[in-house]
Amino acid sequence: MNWHLPFLLLATVTLPSVSSRFSPLSLEELSSDTGIQVFNKIVKSRPHENIVISPHGIASILGMLQLGADGRTKKQLTTMMRYGVNRVGKVLKKINKAIVSKKNKDIVTVANAAFVKNGFKMEVPFVMRNKNVFQCEVRNVNFEEPASACDSINLWVKNETRGMIDNLLSPDLIDGMLTRLVLVNAVYFKGLWKSRFQPENTKKRTFAAGDGRSYQVPMLAQLSVFRCGSVSTPNDLWYNVIELPYHGESISMLIALPTESSTPLSAIIPHISTRTIESWMRTMVPKRVQLILPKFTAVAQTDLKEPLKILGMTEMFDPSNANFTKITRSENLHVSHILQKAKIEVSEDGTKASAATTAILIARSSPPWFIVDKPFLFFIRHNPTGAVLFMGQINKP
Ligand SMILES: *[C@@H]1O[C@H](CO)[C@@H](O)[C@H](O)[C@H]1NC(C)=O
Ligand SMILES: *[C@@H]1O[C@H](CO)[C@@H](O)[C@H](O)[C@H]1NC(C)=O
């Protein structure tokens, strides 16, 4: 799509039964605020592009990394995510369980995997906790062949996202000598609208895009009752919000749209957090409205490293200070890349959205090479006595 979307979409999951136990901070808040802050940083550098991210995917990858981190690296991860040091696992496990629960009639699947270098031994508690909290499966791959290692990871991702996310990793992200571990989270969602749009009502209409130009795009239309409301930022910029529920009723899409066309999204985004969204839920009231919404597909690949660094998670990327001793004590690991690819498709029937998030862990340095490829000397020595039994020089083997 060559047009831009000057409105915000948020898919939320309401989990009344589990969240009450964790007040005052609800589960959704804990898991998604980091992702929302990352979004905030990303859009600053790409204000006119379509961006799609999965805050829950980011929280899951950071949660897995946190299980393997210690010392300051762990502290930075837990501080950022605002979990109590030992609560991360418990909280994410509860969220995952609730999201994928059979009670959700919409389809949500979450899958996690650790792709591990052949022969690389991880600490047992790390493997066990990842399995327990994230149902994380461990698979061995041969990183010495980056292309085929990428293929097997990408194939897993493509399957778990039902074809929506393709080519997550490229071979140049894998270091044949140093890559030890690739953690991957895949989220897939498919929801049918509770109130569907009739295809015959879909028409091309004008969309005033973020780049200042107007485009003719297919727009869905329906006259129905939706919960909506008007809210303002602390500095009095008003925007409207509307809730579009999916048929399973525990998941909705929320749309935030500035009231004045002179208000850019960038003026509203910094004000949004899980608490703000919670306040929308209390503000919105059912109203009969004629809703016009673009039918669209958007896909974005996002490098999460810089945004996470800006947010204070610096140490996990630092080869000399990263502390992942709970993954392995035999060598020093750090995160070389962390990225996410996400896609959303909105149509008359509903929404399909998927995201894959990955963190690549590499060892600090390669084992030093010793290549004898020029003239050399040799000695054959009896070590207990120091007697040199033979010696020589080789100029041409
Ligand atoms: C990692 O953190 C632990 C706990 O603070 C500390 O005992 C250990 O020495 C650290 N290891 C490295 C390699 O920094
Ligand atoms: C493909 O994905 C489905 C759905 O998550 C899963 O049940 C199945 O085991 C996966 N197949 C492979 C080969 O990984």
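Reckoned from all heavy atoms, side chains included, excluding hydrogens, waters and symmetry mates. Residue numbers run from 1 in the order of the sequence given. Counting convention: from 1, in listed order, for ligands and their atoms alike.
- Of all atoms in ligand 1, numbered sequentially from 1 with element shown, those under 4.0 Å from a heavy atom of Asn323 are 1 (C), 2 (O), 3 (C), 8 (C), 10 (C), 11 (N), 12 (C), 14 (O).
- Side chains of Lys93 and Asn132: a donor-acceptor N/O pair is present below 3.5 angstrom, by distance only.
- Alongside Val124, the hydrophobic cluster contains Met128 (criterion: ILVMFWY side chains under 4.5 Å).
- A donor-acceptor contact closer than 3.5 angstrom links the side chains of Gln222 and Ser195.
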Hey, what polar pairs (N/O, under 3.5 Å) does ligand 2 make with protein?
residue: ligand 2; atom: 2 (O); partner: Asn159; partner atom: OD1; Å: 3.3
residue: ligand 2; atom: 2 (O); partner: Asn159; partner atom: ND2; Å: 2.5
residue: ligand 2; atom: 5 (O); partner: Glu160; partner atom: OE1; Å: 2.7
residue: ligand 2; atom: 11 (N); partner: Asn159; partner atom: ND2; Å: 2.7
residue: ligand 2; atom: 14 (O); partner: Asn159; partner atom: ND2; Å: 3.3

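- Residues in residues 162-171 take part in these side chain to side chain donor-acceptor pair (under 3.5 Å) pairs, two or more places apart or across chains: Ser170-Asp172.
- Note on Val52: it does not cluster hydrophobically with Val299, by side-chain heavy-atom contacts below 4.5 Å among ILVMFWY residues.
- Under the rule for a side-chain hydrogen bond (donor to acceptor under 3.5 Å, both in side chains), Ser347 has no partner lying at least two apart in sequence or in another chain.
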